[in-house]
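The structure appears below as structure tokens.
Computed from a predicted model, the values in this text were never measured in an experiment.
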Amino acid sequence: MSAPWRVHARALADTVSHPGSRWYPVISSVPRHQLVPRWWLRSEGGWVLRQGLVADAYTDRMLVTRVGTLHADQATKQTRPQGRPTSSAILPSLVLAMYQRACLNQGQDILDVGTGSGYGAALLARRYGSQRVTTVDTDPYLVGAAVKRLDALDLHPTILPVSATGPLPGSYDRIISLLSVPSIPVRWLVALRLGGRLVTTISNTHMILTATRTADGALGQIEWGAAAFMSARGGFDYPPLPSGPDLSAEWQGEVSTGRYPIVNISTAWETATLLTLAVPGVRRQYRRGPNGHHTLLLTHPDGSWARAAATGTDAPTVHQDGPRRLWDILDDARADLLRRGAPPWIGARAPPPSATRRPPRKTMDSDNSTTINRDNDQTTPNQDEGHRMFRPWSTSLWRGSRREGPVDLNTDQPHSARIYDYLLGGKDHFPADREAAGHALASFPHLRTTARQNRAFMTRAVRYLTAEAGIRQFLDIGTGIPTSPNLHEVAQAVAPDARIVYADSDPIVLSHARALLTSSAEGATAYLDADLRSVESILASPELRETLDLSRPVAVSLVAILHFFPDEDDPHRLVRQLLAAFPSGSYLVLSHGTADFSTEAEEAAEIYRARGVFACARTRDEIERFADGLDLIEPGVVSAHHWRPAEPSDVDDAEVGVYSLVARKP
């Protein structure tokens, strides 16, 4: 006589599969209730513990096994955990959907990313053999529990406590992630054998992405269908969500009528994906009240917010305010979807990368297909470059952040980062860079002095902020080619627990980014491939939000970068928008080229421009405007060598040609 649970297991197999499928006998033979003996169920009073409900364990739904830092296994019925779900047993139908897209076959070595309850690993081991399956999870409790429970089923896959985005053990023919990631960690490509295939989902969307390892790097596409999983995390819990505006009825903003009905965005996968693509970093919350009344709240770290309320399918009344009108953006995106008739990201292609790397571009072809372009993207795996991420999609499909044209790494053309490296005595430059620097030096012979004094100002400013102002967090935009001492070396020499995020859109800087990630054990560093012109992308990036605590002061470093931005880019607005995201007590560190002391500096800028590198010199008044609304730190806006020097300098202002300032946000 078969065990009673087998009746429920067969019913589950009938629901998510069919008798002709090779998965049918596997699902029928795996006792899910033994792998998920307890779970959390959300109710009006909060999270409630459920256990021993064998039939419920075989429903095709997600069973939340951990809330915040509390496992259901370790709770009592009186426990009421707070926070978001941090681990679960995923819907069996979604598990099978991911396995089908992975194109699994006998004889393949399979990596299961995100052990969770161990149910997925059990299915894989039962069908393909334990010796072929490795499963990893960042949670040591889950790993230990899975080992015991799978052993009891006579299933013995390799189970390891490994971070999903850290170095992976071994190499594999298939990698299946039941966690969402913002982009594919290059370490996954390192672990993927030639011809191997991986499948994952993109964070905050319902997009399923597959990628195949080729001799040239990786080739991937967005698949038809939808799936969403919990995002990969590095600690015991997700970082707290940033506080947003109180969207109560008192917040009026601009009032309008929406074009489309409100939907429960947590289940409307197309709408949720549209919103993330249009406004990266947006937060959403759906509330349902009595009599069919419901509300959707949208907030963004840049201060934008929207509140829409309606009854049933009536047109909603919308209140919104901030730098962007979030509801208008969502309505525009939904209108575009209706015009196209299908989600435009389906089938989006990630072509094989070439020799260099830059941010991706998604373009709409004449036939309404979508191509994800990695024009100059190097994704050939390198064991020393595990911090780099392969981003096979872009968030600029509708009204997202501005994207620039490709940054050309042609060594026949000069580049500002390589010219600066040459002036500082570095080694990462080519004849075209040296030729451009030579012409600029002919017009402005003190250019090397300018570069060195600018670098010295950065060092003194960072020491002041760490030693005297107590700052422990830095965002350095326009990082440049690493030149020791880097900002984190200066900061962590004073405060070992300092945390630094570097950001640059220059692919040559990216290629050296590993030199920026040598943090002290107490602190942290991260590298973000981003452009200052896309402030919202910087603020919403996981690199920033996982490294810095945005409720505490941050020092924003814009050293020798803004003179490469023309007035058309409105750099003053970009700086205001950036600083608006950080709390009182944050700082701005800035230096900028000027011709106030010598017309030779403007001649040097003209030489840069003549060789395809935009540069401009601005006046003291124009540079001081970057600190509008901030409190200047003594001595205010001065030539770089006069900002708090350790000893008097005999260098003339005309030899430096750079203003500098440090300012505090009140």
Side-chain angles (χ1 to χ4, degrees), residues 323 416 420 440 443-444 446-447 449-458 460-462 464-465 469 475-478 480 531-533 535 554-582 584-610 613-645 648-649 651-666:
S416 59
Y420 191 63
S443 293
F444 186 40
H446 307 297
L447 204 53
T449 301
T450 299
R452 291 165 184 164
Q453 290 296 334
N454 180 73
R455 190 77 181 179
F457 157 71
M458 182 277 292
R460 295 194 303 274
V462 172
Y464 162 78
L465 291 171
L475 170 60
D476 181 38
I477 300 178
D531 193 310
L532 178 59
R533 296 176 181 88
V535 172
V554 175
V556 178
S557 173
L558 297 171
V559 173
I561 181 63
L562 292 171
H563 46 238
F564 294 118
F565 285 72
D567 290 341
E568 303 88 81
D569 285 331
D570 198 355
H572 292 91
R573 177 189 59 81
L574 294 174
V575 174
R576 289 194 302 272
Q577 184 182 355
L578 185 65
L579 290 174
F582 301 114
S584 173
S586 295
Y587 284 82
L588 171 66
V589 179
L590 183 148
S591 65
H592 193 298
T594 184
D596 282 2
F597 307 119
S598 171
T599 58
E600 294 174 345
E602 178 55 39
E603 293 172 5
E606 289 178 1
I607 290 172
Y608 272 65
R609 293 194 295 269
V613 179
F614 179 84
C616 69
R618 291 189 170 98
T619 66
R620 186 186 188 282
D621 288 345
E622 290 174 313
I623 294 167
E624 188 170 4
R625 277 183 53 211
F626 287 111
D628 282 354
L630 308 178
D631 297 330
L632 286 169
I633 303 301
E634 290 294 333
V637 182
V638 295
S639 183
H641 65 300
H642 288 320
W643 200 91
R644 300 194 174 210
S649 172
V651 177
D652 188 83
D653 289 351
E655 297 178 42
V656 178
V658 168
Y659 278 121
S660 63
L661 66 89
V662 176
R664 183 181 184 275
K665 183 175 179 179

Q. Which heavy atom in Lys665 sits nearest to a heavy atom in Leu630, and how many Å separate them?
A. CA-CD2, 3.7 Å
Q.
Which residue is it: Leu578, Leu579, Ile477? I am looking for the one with a side-chain contact (heavy atoms from CB on, under 4.5 Å) to Val535.
A. Leu578
Q) Which heavy atom of Trp643 sits nearest a heavy atom of Ile633, and at what distance? A) NE1-O, 4.1 Å
Q.
Can you give me the closest heavy-atom contact between Leu590 and His592, atom names plus distance?
A. CD2-CB, 4.2 Å
Q) Nearest 0.5 Å, what's the CD-CG distance between Gln577 and Leu532? A) 9.0 Å
Q: Begin with the C-alpha distance, continue with both residues' side-chain angles, and end with the deciding distance and a verdict on side-chain contact (heavy atoms from CB on, under 4.5 Å) for Asp569 and Phe564.
A: CA-CA 10 Å; Asp569 285 331; Phe564 294 118; over 6 Å; no
Q | Check: Arg455 and Met458 side chains under 4.5 Å, non-hydrogen atoms | A | yes
(Q) Can you tell me how far apart CG (Asp631) and OH (Tyr587) are? Round to the nearest 0.5 Å. (A) 9.0 Å
(Q) If you define the side chain from C-beta out and look only at heavy atoms, does anything of Leu632 sit under 4.5 Å from Val637? (A) yes
Q: Could you tell me the separation between the CG atom of Leu661 and the CD1 atom of Ile623, rounded to the nearest 0.5 Å?
A: 8.5 Å
Q: Work out which heavy atom in His642 is nearest to a heavy atom in Pro645; give both atom names and the distance.
A: O-CD, 3.5 Å
Q: Enter the distance from Arg576:CZ to Leu588:CG here, rounded to the nearest 0.5 Å.
A: 12.5 Å
Q. Can any side-chain N or O of Asn454 pair as donor or acceptor with the backbone N or O of Val658 at less than 3.5 Å?
A. no
Q: Determine whether the aromatic ring centres of Phe626 and His572 lie less than 6.0 Å apart.
A: yes
Q) Hey, does the side chain of Ser591 reach the backbone of Ser660 with a donor-acceptor pair shorter than 3.5 angstrom? A) no
Q. Nearest heavy-atom pair of Ala595 and Ala617: which atoms, and what distance?
A. N-CB, 3.6 Å
Q. Shortest non-hydrogen contact from Glu622 to Thr619?
A. OE1-N, 2.8 Å
(Q) Treating Thr594 as the side-chain partner and Arg618 as the backbone partner, does any N or O pair qualify as donor plus acceptor under 3.5 Å? (A) yes
Q) Counting only N and O atoms by type, is there a donor-acceptor contact under 3.5 Å from the side chain of His563 to the main-chain atoms of Gly593? A) yes
**Q.** Arg644 side chain vs Glu634 backbone, donor-acceptor pair below 3.5 Å
**A.** yes
Q | Test side-chain contact (heavy atoms from CB on, under 4.5 Å) applied to Val462 and Val589, step by step | A | CA-CA 8 Å; Val462 172; Val589 179; 5.9 Å; no
Q: Could you tell me if the ring centre of Tyr659 sits under 6.0 Å from that of Phe597?
A: yes
